[in-house]
Amino acid sequence: METTTLHGVHVSRIGLGTWAIGGTSWGVVEEKDAIATCRSIFDHGINLIDTAPIYGDGRAEEIVGKAMAEHGRREDFYIATKSGLCRIDGRVRFDARPASILQEIDRSLRRLGTEYVDLYQLHWPDPLVPMEEVADVFLRLYESGKIRAIGVSNCSATQMEQFRSVAPLHANQPPMNLFERQVAQEALPYCREHGIGVLAWSALCRSLLTGKIRADQTFPAGDVRAVDPKFQPPRITQYVQAVQSLDAYAQQHYGKRVLHLALRWLLDQPGVSAALWGAKRPEQLAPAKEICGWRLTPEDMRAIDAIVADAVRDPVGPEYLQPGARA
Ligand code: NAP
């Protein structure tokens, strides 16, 4: 496993994402499978787990806590969690008010069964709370020792600049995968310039880049992909075509599959520290060993860009996932 350094700590460049094992947005995940998935990370040299209170309304953090307790050594894990969202009438809303963050950190620590979080991230900027105010409360948590590094997620360069006027910023977590690269324009260069680590979310574009999604596939209500504009006809046909061509390229040039190519592509992007890979069962992480130890060339990068541009004529980003404002 390749590693990176986040605020002085060695972290694997692949991280387990636990949104799906929260169990409310991707179908049911049995608790024993979810715990086994969290514990299986060490089979692949992974130590990074990303979670959040909103994933299953606390369930994902509880699962991670149970996995850490079963494993027995807290220090083997690098736990990244978040605050700044809440659920009102079933809908996810921004809530980065200082009082809410101070309450959330204690709830997270309790669910995780730990005294500290390795990386604490603002889940999403709240339009009703200035970034400087949020940074101030994160700084207080950092100084108290409850959190060991400070992060944000889904923030623009301007928002990070505002945050950094008050507190140090060690990591940002933007959406980034082979099909969703808007952050490469501004946020990613900003992070590189200022030495801010980048944890890329939806590394597999919510399963599209695994190669298993068919153009006629449907998802049950409650599965996030049922409302993801990428997964709807007629656009899904373009994405599936791109995936098939990328898979053929990976096989022909490297004897690999599209899932390996997609993760390698992400890890080879300048400024990307780690790729967050959502997995529901231990076997979903099995391909991890085939992602490290090789690199894509500039020629590969150009060929991949050409495949995507040729197939995806009507691209769409992950904006549909943006939470709503409070009243
Ligand atoms: P993802 O990693 O792009 O895709 C995950 C899904 O792909 C899994 O749930 C699984 O779904 C499928 N999959 C994974 N490995 C597979 C394999 N080997 N073979 C076949 N299918 C496989 O999606 P994501 O969960 O959206 O993103 C990863 C993490 O990023 C999240 O868990 C979370 O930690 C983080 N994230 C953060 C934010 C933020 O706002 N900060 C937003 C989104 C995500 P099925 O088995 O159901 O097909």
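All values below were derived from every heavy atom in this structure, side-chain atoms included, with hydrogens, water molecules and symmetry-related copies excluded. In what follows, residues are counted from 1 in the order of the sequence shown. For ligands, and for the atoms within them, numbers begin at 1 and follow the listed sequence.
Residue-environment remark: CD (Glu299) stays at or below the threshold of 12 foreign heavy atoms within 6.0 Å. The neighbour count for Glu30 CD, taken as heavy atoms of other residues, nucleotides or ligands under 6.0 Å away, does not exceed 12.
Look at Lys82 and you'll find a heavy atom under 4.0 Å from some atom of ligand 1. Note on ligand 1: Thr51 sits outside its first shell, no heavy atom being nearer than 4.0 Å. Within the 4.0 Å heavy-atom cutoff, Arg225 counts among the residues contacting ligand 1.
The nearest heavy-atom contact from the protein to atom 26 (O) of ligand 1 is Ser202 OG, 2.7 Å. When hydrogens are left out, the protein atom nearest atom 31 (C) of ligand 1 is Trp19 CB, 3.7 Å; that is the closest non-hydrogen contact. Scanning the protein heavy atoms around atom 28 (C) of ligand 1, the nearest turns out to be Leu276 O, 3.3 Å. Of the protein's heavy atoms, Gln284 O, 2.9 Å lies nearest to atom 18 (N) of ligand 1. For atom 21 (N) of ligand 1, the closest non-hydrogen atom on the protein side is Lys212 NZ, 2.8 Å. Nearest protein heavy-atom contact of atom 30 (O) of ligand 1 is Trp201 CB, 3.4 Å. Among all non-hydrogen protein atoms, the one lying nearest atom 12 (C) of ligand 1 is Ser207 CB, 3.7 Å. Atom 2 (O) of ligand 1 has as its closest protein heavy atom Gly278 N, 2.7 Å.
Checked against the 6.0 Å centroid threshold, His170 and Phe138 do not count as a close aromatic pair. Tyr142 and Tyr116 have their aromatic ring centers separated by at least 6.0 angstrom.
Inspection of the Glu161 and Ser165 side chains reveals no N or O donor paired with an N or O acceptor under 3.5 Å.
Taking the side chain as every heavy atom from C-beta outward, Arg257 and Pro287 never approach each other to under 4.5 Å. In this structure the side chain of Met176 reaches within 4.5 angstrom of the side chain of Leu188, judged on heavy atoms.
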